[in-house]
Amino acid sequence: MPTILGQNQYGKAENRVVKITRDGDTHHIKDLNVSVALSGDLEEVHLSGSNAHCLPTDTTKNTVYAFAKEYGIESAEQFGIHLARHFVTSQEPIHRARIRIEEYAWERIETSDANSKFIGSDEVKHSFVRKGQETRVTEITYDGEQWQVISGLKDLVVMNSTNSEFWGYIKDKYTTLKEAYDRILATQVSGRWRFNWTDDEQRMPNWERSYEQVKKHMLHAFAETYSLSLQQTLYQMGSRIINNRSEIDEVRFSLPNKHHFLVDLEPFGLKNDNEVYYAADRPYGLIEATVLRDGVEAKIPVDLTNL
Ligand SMILES: O=c1[nH]c(=O)c2[nH]c(=O)[nH]c2[nH]1
């Protein structure tokens, strides 16, 4: 049976590009997921296997990252227009370009608070929390006498665009990781905290206020810790909660290290001065630990997915 080629398009989908603009100490983030789809005179690519008209999808990906550096990302629309125009006007066989962009919004972590040790300093200018609410969770257990309340949250995404290093680690024959003295630190916080309240109904914690305060201390510790590892940041977040909230005895975190790799723009004659990153989704480091008030027994399950 004869066949004909119908509508076709191709390109690199879901290029995760993070652009940090450093205005002195104040950093700005643009975080995009860019998908390129090109169409045009591409019959032969499909029919005979001649790639003479095929701009590699790999090139479309590189173009996204190079444009982030060369032209910046003022808005997703402006960036998409730039890319689409480039593909159609620079390559004769490409007649149509469709650029789809999702943008993830970030807000600054506010630490202008009476308890914050960094009031008026530049510490908040590089710390961000991704917009969109986290999911709040709780688990209540009662055996007729005693209560156990474990509360927490998941999917709270945070980022520090500086003040994070990672070096001095073990190096064996499989180690290729380069030591980092100024990297992005980003994670999607999953945390649980156990209340020490067990029985007296009169002395029940104010659950709503407790949640807001725990979240605040957690975010402030993330923003204010000069990090030498995500493990160290985790411990700071946990101890900040224990030290400030007498109703809580135990905190457990599961923190995926959301890696941001600097894109090598040298092949395009561009210098990447800690500006354009590739946000990798997997694999990811997974850092987990419990922080306890001294003398108490750990009761939060090790595997948070079981809670
Ligand atoms: O904060 C980090 N902790 C690690 O244990 C680790 N391992 C790694 O490769 N990168 C990082 N980063």
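For ligands, and for the atoms within them, numbers begin at 1 and follow the listed sequence.
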Original post:
Would you call Glu297-Arg194 a salt bridge at under 4.0 Å N-O?
Top reply: no
Original post:
What about Arg183: any of its N or O atoms under 3.5 Å from an N or O on ligand 1?
Top reply: yes
Original post:
What about Tyr278 and His260, are their ring centers closer than 6.0 Å?
Top reply: no
Original post:
What atoms of ligand 1 come within less than 4.0 Å of a heavy atom belonging to Ser229?
Top reply: 1 (O)
Original post:
What residue and heavy atom of the protein are closest to atom 5 (O) of ligand 1, and at what distance?
Top reply: Gln231 NE2, 2.9 Å
Original post:
Which part of Leu177 is near ligand 1, with near meaning a heavy atom under 4.0 Å away: side chain, backbone, both or neither?
Top reply: side chain
Original post:
Who's closest to atom 6 (C) of ligand 1 heavy-atom-wise, of Phe166, Trp167, Tyr284, Tyr169?
Top reply: Phe166
Subject >> Ring-ring centroid check Trp207 Phe195, cutoff 6.0 Å >> reply: yes
**OP:** Could you work out the complete set of other residues in the hydrophobic cluster of Leu286, with links drawn between I, L, V, M, F, W and Y side chains under 4.5 Å apart?
**Re:** Tyr284
Original post:
So, is Leu230 polar-close to ligand 1, with some N/O to N/O distance under 3.5 Å?
Top reply: yes
**OP:** Measure from NZ or CZ of Arg108 to the centre of the six-membered ring of Phe128, then state whether that distance is under 6.0 Å and the direction lies within 45° of the axis.
**Re:** no
